[in-house]
Amino acid sequence: MEAARREKLRKISELGVDPWGSRFDGHQRIGDIRARENEIKVVPATDGDPAHAEQTGPKVRAAGRIVLRRPSGKVHWLQIRDWSGTVQVMIGKAQVGDERFALAQCFDLGDIVGIDGELRRTRTGEITIFAEKLTFLSKSLATPPEKHKGLADPELRQRMRYLDLIHTDGVLDRFLRRTKIVQSIRNTLGARGFVEVEGPTLHAIAGGAAARPFITHHNALDIDLYLRIALELHLKRLLVGGVERVYELGRVYRNEGFDARHNPEFTMLEVYQAYGNYETMMDLTEAAIVEAIAAMNRGPLSEGHRGDSTAPQPSLILPWGDKQIDFTPPFARKTYDELFTEHTGLAADDVEGIRKLAEQLEFNAAGKHPDVVKSFVFEEKVEDALVGPIFVTDYPASICPLTKRKTTNPAVAERFELFIHGMEVANAYTELNDPDLQEALFTKQLDGLPEEESMAKMDHDFIRALRHGMPPAGGLGIGIDRLVMLLTNSQSIRDVILFPLLRPETDVTGEGGKAKPEEAE
RNA sequence: GAGGCUGUAGCUCAGUCGGUAGAGCAACGGACUUUUAAUCCGUAGGUCAUGGGUUCGAGUCCCAUCAGCCUCACCA
């Protein structure tokens, strides 16, 4: 397979052309070139016969990958693609000269070329660059996937994301949208006076969430360290340090299973605002999401991309599979207990009734705190039923060891979670800033929960920071990958992570195994 | 970690009852200066995921292993 392409590589060199190309300045995005079709003018023929009419059009320069090729004698038709679109190219032997036409005969699907020419229409009306000059930019030695169906095998699509980006409709677009969502969130926060910081990813204590961490080792200090599972505790130290509006948007790592909604490393946003509370964070969450939707559908990268992207939709109603999500603010707001009763028919303080229901659901409730039992039932019976977007507010305090209690009712924590189609997208608190209470909560393990599964991991340095005084504050966490899933109608988290975790290939060089895309040199 | 489904040419996929391995695209040679999934003639391409087993004979049946997907478990 590859031998023929290597033979062409040799021929290209013999023509005095570098098959690996070099700097190529001044080209325009293909999407922009296509937008210049209104500059194409028809010049009527002198004999008045419309068939003899000629055209003049703008001189353009494009660079892209050859995705279709139709050689037809002394004329070759190409389709070249860049990240803004696809355009047809006509290469005529008489127009480019014998030597350059010989170069065109060495083109393969997948090669990257530069084209200078005039933008006109063909007889059938197709916008086409009529080539005047060809520049070879890079050879592709490997055979690309089937040219119309592209890659279908989900394993190959993830392992060879580069091919997926080129050949699967909508993939590049989706990842560009992800970038715009993230940029928009940074803009939303920046416009409100928040500063972005970078905390450590190697932690001596993996705190701030209930999750099993990855363990690594530092040789010089000879100590084990954990990859961070949350951003929370260092950002709160910055609140103590007077950084009044602060956020971090970065990767966290959890050593757990992976499926359509979980990847072991994922992107988390955490925001802290001094002198705010969880209601401040609710407003911020709505604003960030609404602005992200607008940003995602705007701007040069996705607009006109491949000529098939849908027109910008001002609507806040987005598709989700065969359903829809209505992001029109304000989002619904209901308390934990209200929803609990609504979906289970049990009073929120009916400890025995809840315990019975939990055991019907095969939960071992013996010896567990009533709020832990209730939390299990809530996850089983309520969360999946939440279509949303809905803010669930006022959680039982005993399952929220980092959250301030309501002054009117210390059994209730000032916390909300945002649910959309059963997915938890955001989680926010009024932050606990009482060092004595925080220390007590870290010390007292939740009934029936091993430390590994609890958020309450003692962090003495964090307690020391709180003793110096942390302003009352609102804090917010948003799972960026899940938000991107919901905004881009992606049912799997692997569709919004460029390189999700896969088992390593045992043999990439070609012998055995399913994924053997390239022959070893 | 448990169960189910899947793995055949570079890619997308057929392969019936166990009896010599198939197609389209891609590739190679040839024809063609307005094609649009170009067309036409011809050629070549395989460790049937891997390893065992049953059988006169296995892509097909059985077992194990590897990988992917789905469901469950785990999972603020």
Side-chain angles (χ1 to χ4, degrees), chain A residues 1-5 7-8 67-79 86 88-96 101 108-110 120-128 130 140-160 163 167 208-212 229-230 232 252 254-264 266 268 270 362 375 379 383 392 395 399-403 413 415-417 424-429 446 449 452-456 477 479 491-492 494 500 502-507 510-519:
Chain A
M1 275 302 165
E2 198 178 303
R5 286 172 180 257
E7 175 61 19
K8 287 181 185 168
V67 292
L68 280 178
R69 212 172 134 252
R70 290 185 289 274
S72 173
K74 299 187 181 66
V75 156
H76 285 196
W77 302 91
L78 310 177
Q79 297 239 345
T86 305
Q88 177 167 270
V89 174
M90 198 281 289
I91 301 171
K93 188 174 188 180
Q95 288 79 5
V96 298
F101 197 74
D108 282 310
L109 287 179
R120 297 201 301 268
R121 289 178 190 283
T122 62
R123 278 181 201 162
T124 53
E126 177 84 23
I127 299 169
T128 302
F130 287 80
S140 167
L141 290 174
T143 313
E146 211 277 348
K147 64 189 182 183
H148 305 295
K149 294 183 177 175
L151 282 182
D153 184 333
E155 180 179 354
L156 289 183
R157 288 185 50 200
Q158 290 168 48
R159 287 200 195 279
M160 297 197 282
L163 293 181
H167 295 286
R212 293 165 61 188
I229 59 172
E232 177 144 356
V252 298
R254 299 187 180 179
N255 203 341
E256 291 156 358
F258 52 101
D259 59 30
R261 293 179 175 189
H262 299 81
N263 194 61
F266 61 99
M268 177 77 93
E270 289 198 26
E362 297 181 355
S375 167
E379 285 170 21
E383 289 188 359
V392 180
Y395 278 66
I399 61 170
C400 307
L402 296 160
T403 310
R415 171 182 181 182
F416 76 76
E417 293 192 350
E424 178 198 332
V425 176
N427 181 20
Y429 322 135
L446 281 182
L449 282 183
E452 191 174 73
E453 293 174 25
S454 168
M455 282 200 271
Q491 308 297 314
S492 170
R494 297 187 198 101
L502 292 170
R503 282 192 165 77
E505 286 175 85
T506 50
D507 186 357
E511 297 302 315
K514 168 176 196 175
K516 44 172 186 176
E518 288 120 12
E519 298 293 325

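So that the names make sense, note that chain A is the first sequence line, chain B the second, and so on, each numbered from 1.
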Taking C-beta and beyond as the side chain, do [X] and [Y] meet within less than 4.5 Å on heavy atoms?
{"X": "A:Arg121", "Y": "A:Ile127", "answer": "yes"}
{"X": "A:Gln79", "Y": "A:Arg70", "answer": "yes"}
{"X": "A:Leu163", "Y": "A:Leu156", "answer": "no"}

Under a 3.5 Å cut-off for both contacts, is [N] paired Watson-Crick or G-U wobble with anything, and if yes, with which nucleotide?
{"N": "B:A38", "result": "none"}
{"N": "B:A27", "result": "B:U43"}
{"N": "B:A9", "result": "none"}
{"N": "B:A2", "result": "B:U71"}

Between the base of B:C75 and the side chain of A:His262, is there a donor-acceptor distance below 3.5 Å? yes

Can you tell me how far [atom2] of [N] sits from [atom1] of [X], to the nearest Å?
{"X": "A:His148", "N": "B:A38", "atom1": "NE2", "atom2": "C1'", "result": "10 Å"}
{"X": "A:Asp259", "N": "B:C72", "atom1": "CG", "atom2": "P", "result": "9 Å"}
{"X": "A:Leu502", "N": "B:G7", "atom1": "CG", "atom2": "P", "result": "19 Å"}
{"X": "A:Glu126", "N": "B:U35", "atom1": "CD", "atom2": "C1'", "result": "10 Å"}
{"X": "A:Gln95", "N": "B:U33", "atom1": "CD", "atom2": "C1'", "result": "7 Å"}
{"X": "A:Leu151", "N": "B:C69", "atom1": "CG", "atom2": "C1'", "result": "16 Å"}
{"X": "A:Lys149", "N": "B:G24", "atom1": "NZ", "atom2": "P", "result": "12 Å"}
{"X": "A:Asp153", "N": "B:C69", "atom1": "CG", "atom2": "P", "result": "9 Å"}

[N] and [M]: how far apart are their [atom1] atoms, nearest whole angstrom?
{"N": "B:G15", "M": "B:U20", "atom1": "C1'", "value": "14 Å"}
{"N": "B:C17", "M": "B:G59", "atom1": "C1'", "value": "15 Å"}
{"N": "B:A44", "M": "B:G24", "atom1": "P", "value": "14 Å"}
{"N": "B:C13", "M": "B:C61", "atom1": "C1'", "value": "24 Å"}
{"N": "B:G46", "M": "B:C11", "atom1": "C1'", "value": "15 Å"}
{"N": "B:A49", "M": "B:G7", "atom1": "C1'", "value": "6 Å"}
{"N": "B:G19", "M": "B:A58", "atom1": "C1'", "value": "10 Å"}
{"N": "B:C74", "M": "B:U60", "atom1": "C1'", "value": "38 Å"}

Does a nitrogen or oxygen in the side chain of [X] sit under 4.0 Å from OP1 or OP2 of [N]?
{"X": "A:Lys147", "N": "B:A38", "result": "yes"}
{"X": "A:Gln88", "N": "B:U34", "result": "no"}
{"X": "A:Arg70", "N": "B:A38", "result": "yes"}
{"X": "A:Arg261", "N": "B:A76", "result": "no"}

Of the nucleotides [options], which one has an atom closest to the side chain of [X]?
{"X": "A:Leu68", "options": "B:U35, B:A38, B:A76", "value": "B:A38"}
{"X": "A:Arg415", "options": "B:U33, B:A76, B:U12", "value": "B:A76"}
{"X": "A:Ala230", "options": "B:G68, B:A76, B:A27", "value": "B:A76"}
{"X": "A:Ala94", "options": "B:U33, B:A76, B:U12", "value": "B:U33"}
{"X": "A:Glu146", "options": "B:A76, B:A38, B:U12", "value": "B:U12"}

Taking for each residue the nucleotide of RNA chain B bearing the nearest heavy atom, is the 5' side occupied by A:Ala152 or by A:Glu379? A:Ala152

For A:Arg157, give me all partners under side chain to side chain donor-acceptor pair (under 3.5 Å), at least two apart in sequence or on another chain. A:Asp164

I'd like to check the salt bridge (charged side-chain N to carboxylate O under 4.0 Å, His left out) partners of A:Glu270; sequence neighbours left out, ordered by chain and number. none

Those residues at least two apart in sequence (or on a different chain) that pass salt bridge (charged side-chain N to carboxylate O under 4.0 Å, His left out) with A:Glu424 are none

Answer with base, sugar-phosphate or nothing: what part of the nucleic acid does [X] contact at a heavy-atom distance below 4.0 Å?
{"X": "A:Glu270", "answer": "base"}
{"X": "A:Gly150", "answer": "sugar-phosphate"}
{"X": "A:Glu424", "answer": "base"}
{"X": "A:Arg120", "answer": "nothing"}
{"X": "A:Phe101", "answer": "nothing"}
{"X": "A:Glu417", "answer": "sugar-phosphate"}

Tell me the closest heavy-atom pair linking A:Tyr429 and A:Glu232, and the distance in Å. CE1-OE2, 3.4 Å

For A:Lys147 versus A:Val67, what's the shortest heavy-atom pair and its separation? CB-O, 4.3 Å

Check: protein-nucleotides 28-32 of chain B nitrogen or oxygen pairs below 3.5 Å:
from, atom 1, to, atom 2, distance (Å)
B:C28, OP1, A:Lys8, NZ, 2.6
B:C32, N3, A:Gly73, N, 3.1
B:C32, N4, A:Gly73, N, 3.3

Using the side-chain contact (heavy atoms from CB on, under 4.5 Å) criterion, which residues pair with A:Arg494? Sequence neighbours excluded. A:Gln158, A:Phe258, A:Ser492, A:Pro500

side-chain contact (heavy atoms from CB on, under 4.5 Å) with A:Val75: which residues, sequence neighbours excluded? A:Trp77, A:Met90

